[in-house]
Amino acid sequence: RGVAPLMLAIQDGMSREDVAPWLAEGVGLFLGGSTAYKLASCRGWGAIARDAGVPFHVARVNSARRAARAREAGATSIDGSGPSRFRDALRRIERGVRQESFVW
C-alpha cells in the first residue's frame with residue numbers, strides 16, 4: 001500500500017462472491033485468465049469494479065479491438081507486451097482506446 005493499489009487477479013471461473021470480501025478493503029481487480037474468459041467476462045468485472053469504486057485492470061491487451069473492449073468495460077488501466085515487441089503495436093492500441101464503438 002502507498003505505492004500502487006493492491007490488485008486481486010481474476011482467473012477463469014471466479015465469481016463476484018469470490019472477490020466480495022476483498023473489495024470491501026478497496027482492493028482493485030486485475031482481469032487475467034484465458035482469452036476466452038476475459039472476452040466473455042470483461043464487462044461484468046468492469047461493472048463489479050465500478051460498483052465497488054475500485055480500479056479495474058485488464059491484462060494482455062495487444063490490439064485496438066481489445067483496447068476498445070477494455071475501455072468500454074470501464075478499465076482504469078491495461079497492459080500488453082505488444083508495444084515492446086512490435087513497432088506499430090502501441091499506435092494500434094492507442095487507436096482502440098480512443099475509438100468510439102457502438103457494438104461489442
Side-chain angles (χ1 to χ4, degrees):
R1 293 189 185 258
V3 176
L6 296 174
M7 304 294 276
L8 178 64
I10 305 301
Q11 300 291 323
D12 294 42
M14 291 180 75
S15 69
R16 176 187 287 262
E17 292 74 29
D18 295 322
V19 302
W22 302 102
L23 294 177
E25 297 182 25
V27 174
L29 299 179
F30 180 105
L31 183 57
S34 69
T35 297
Y37 179 73
K38 286 196 311 186
L39 294 176
S41 66
C42 191
R43 271 188 157 178
W45 286 112
I48 290 168
R50 187 175 46 256
D51 291 348
V54 300
F56 176 50
H57 179 86
V58 180
R60 283 191 347 259
V61 174
N62 289 303
S63 69
R65 183 176 181 183
R66 294 251 181 103
R69 280 190 169 194
R71 179 185 51 80
E72 290 166 358
T76 53
S77 60
I78 60 173
D79 75 64
S81 62
S84 67
R85 296 170 50 212
F86 304 105
R87 183 177 180 173
D88 293 330
L90 183 58
R91 190 173 318 131
R92 287 191 307 270
I93 292 168
E94 287 177 332
R95 201 170 40 239
V97 169
R98 294 186 183 117
Q99 173 182 331
E100 292 294 326
S101 178
F102 299 106
V103 181
W104 248 88

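A donor-acceptor pair is defined here as one N or O able to donate and one able to accept, closer than 3.5 Å; such a pair exists between the side chain of Lys38 and the backbone of Ala59.
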- Any chance you could lay out the side chain to side chain contact (heavy atoms under 4.5 Å, CB included) test for Thr35 and Arg66, step after step, and finish with the verdict? CA-CA 10 Å; Thr35 297; Arg66 294 251 181 103; 2.8 Å; yes
- Please test Val54 against Thr76 for side chain to side chain contact (heavy atoms under 4.5 Å, CB included), starting from the C-alpha separation and ending with a verdict. CA-CA 9 Å; Val54 300; Thr76 53; over 6 Å; no
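Pro55 and Ala49 make their closest contact through O-CB, 4.2 Å (heavy atoms, listed as atom of the first residue, atom of the second, distance).
Remark: Ala75 engages Phe56, Val58, Ala70, Ile78 in a side chain to side chain contact (heavy atoms under 4.5 Å, CB included) (not counting sequence neighbours).
Summarising the geometry, atom CG belonging to Leu31 is positioned 5.5 Å from atom SG belonging to Cys42; distances are rounded to the nearest 0.5 Å.
Within the structure, every pair that satisfies the ring-ring contact (aromatic ring centres under 6.0 Å, His included) test and touches residues 4-30, not counting sequence neighbours, is listed here: Phe30-His57. Listed by first and then second residue, the side chain to side chain donor-acceptor pair (under 3.5 Å) pairs involving residues 44-56 are Tyr37-Trp45 (not counting sequence neighbours).
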Which atom pairs, donor and acceptor, lie under 3.5 Å between side-chain atoms of residues 7-16 and protein residues at least two apart or in another chain?
unit_1, atom_1, unit_2, atom_2, d
Gln11, OE1, Gly33, N, 3.4
Asp12, OD1, Ser34, N, 2.7
Asp12, OD2, Ser34, OG, 2.7
Ser15, OG, Glu17, N, 3.4
Ser15, OG, Glu17, OE1, 3.1
Ser15, OG, Asp18, OD2, 3.3

